[in-house]
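I have placed the structure first, in the form of structure tokens, so that the comments after it can refer back to it.
The chains referred to below are lettered A, B, ... by the order of the sequence lines, with proteins before strands, and numbering in each begins at 1. Values below: every heavy atom of this structure, side chains too, minus hydrogens, waters and symmetry copies.
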Number of protein chains: 2
Amino acid sequence: MPSSTRLDHWLDIFQSSGCRLTPARLAVLEVVANSSTVLSPMQIFLAARNRAPRLGLVSVYRTLEILENLKLIQRVHQPDGCQGFINAASGHQHLLICVNCGRAVYFEGDDVTELAESLKEKFGFHILDHWLQFEGICRDCQSKNPSDPEKP
Amino acid sequence: MPSSTRLDHWLDIFQSSGCRLTPARLAVLEVVANSSTVLSPMQIFLAARNRAPRLGLVSVYRTLEILENLKLIQRVHQPDGCQGFINAASGHQHLLICVNCGRAVYFEGDDVTELAESLKEKFGFHILDHWLQFEGICRDCQSKNPSDPEKP
DNA sequence: GTAACTGCAAACGCTTTGCACCAAG
DNA sequence: CTTGGTGCAAAGCGTTTGCAGTTAC
């Protein structure tokens, strides 16, 4: 899905779920919808403040909470701490993340549902959710200086 | 591996890596080595304080850091926040966690390495690490009151 | 007009650090 | 004896909350 279409889609869902569209929220939505990398609340704040100079960090947190509830973004857990967010591909949570630049790629991995089924039988667990994440270095970062961070 | 053997194993590695064995550290090691559930630093602190009454929370953090570096425990990321720790099965990071009681089960999932290989070809990523985690309700918790927490 | 939303500042909780004392080896 | 480890207290940091003013609808 192209970024512009995604933003329209988000605005649609956002408004029809009863949320008011304000400059602060629009700025956050634009930043997150147009990014294909994992972003921290602070990164989102800094980027969104260019579009809405009076923006406060608090509004970023509150908007992210709404977006997470609407399933428009998903939380990404990283080796160190964990408050990264990325726009959520429909239904999938299988991510490939570059530890150098933060770029993220969704991929298909339907064999996971088979695995879930066998776990259910084997251990008697009722499976609610799963999480598959790969970390590595993307092609671009491999060809550059490995210690050159390229966060957007 | 039985818990007692694991503790011995840990003490072995711990000491031969140059770390001194103190009452505080022993208490933390005993608690974590003998548990098969995901534990937060605070839970570990409370349990370990029974064995070493003068224990400080700070020592728990410091000991966990050492254990993580020695790969004896692994960090578990949970939907909400993420500072859970569990003793690490050798080489495997595939976990099945009960969201009710915290019990964790390691399982085999070697198909993940195949998947990693295909991702490498498809997207050009150099894969460094992966993470597969299932969340659900274990058999015991299914048969009990679902809202009855049973944290150890 | 009104309820939802805002930014600010302060509170909060978890984690880390500085330090003087202590004990493992 | 020496160096690494301890607990305490305080600092640090990211996140959340209370609030009075503001704005989308």
Exercise for review: Measure the distance from CD1 on A:Ile44 to P on D:dG14 and round it to the nearest whole Å.
Suggested key: 14 Å
Review point. Taking only residues two or more places apart in sequence or in another chain, which ones pass ring-ring contact (aromatic ring centres under 6.0 Å, His included) with A:Phe125?
Key: none
Practice item. Nearest 0.5 Å please: distance from the NE2 atom of A:His9 over to the CG atom of A:Leu7. Key: 11.0 Å
Review point. Can you tell me how far P of D:dG14 sits from CD of A:Gln43, to the nearest Å?
Key: 12 Å
Review point. What integer distance in Å separates A:Leu26:CG from C:dC5:C1'?
Key: 14 Å
Review point. Are the side chain of B:Gln74 and the backbone N or O of B:Ile86 linked by a donor-acceptor pair below 3.5 Å?
Key: no
Point to revise | Separation of atom CZ in B:Arg49 from atom P in D:dT6, rounded to whole Å | key: 16 Å
Practice item. Could you check how far CZ of B:Phe14 sits from P of D:dG4, rounded to whole Å? Key: 14 Å
Revision key, fill the gap. Rounded to whole Å, CG of A:Leu67 lies from P of C:dC5 at a distance of 13 Å
Review point. Is B:Arg54 near enough to D:dT6 that one of its side-chain N or O atoms lies under 4.0 angstrom from OP1 or OP2?
Key: no
Study note, to complete from the structure: Whole-Å distance, B:Leu57 CG to C:dG13 C1', equals 11 Å
Check your understanding: Separation of B:Glu65 atom CD from D:dG4 atom P, in whole Å?
Key -> 16 Å
Point to revise | Base-contact (B) and sugar-phosphate-only (S) positions in nucleotides 18-25 of chain D, heavy-atom cut-off under 4.0 Å, - elsewhere | key: B-----BS
Study note, to complete from the structure: Interatomic distance, CH2@B:Trp10 vs CG@B:Leu67, rounded to 0.5 Å, equals 5.5 Å
Can you give the donor-acceptor pairs under 3.5 Å from side chains of residues 17-27 of chain A to other protein atoms, not counting sequence neighbours?
{"from": "A:Ser17", "atom 1": "OG", "to": "A:Ile13", "atom 2": "O", "distance (Å)": "3.3"}
{"from": "A:Ser17", "atom 1": "OG", "to": "A:Phe14", "atom 2": "O", "distance (Å)": "2.9"}
{"from": "A:Thr22", "atom 1": "OG1", "to": "A:Arg25", "atom 2": "N", "distance (Å)": "3.3"}
{"from": "A:Arg25", "atom 1": "NH1", "to": "A:Arg20", "atom 2": "O", "distance (Å)": "3.0"}

Practice item. Quick one: which residue pairs count as a side-chain hydrogen bond (donor to acceptor under 3.5 Å, both in side chains) with a foot in residues 48-57 of chain A, not counting sequence neighbours? Key: A:Glu30-A:Arg51
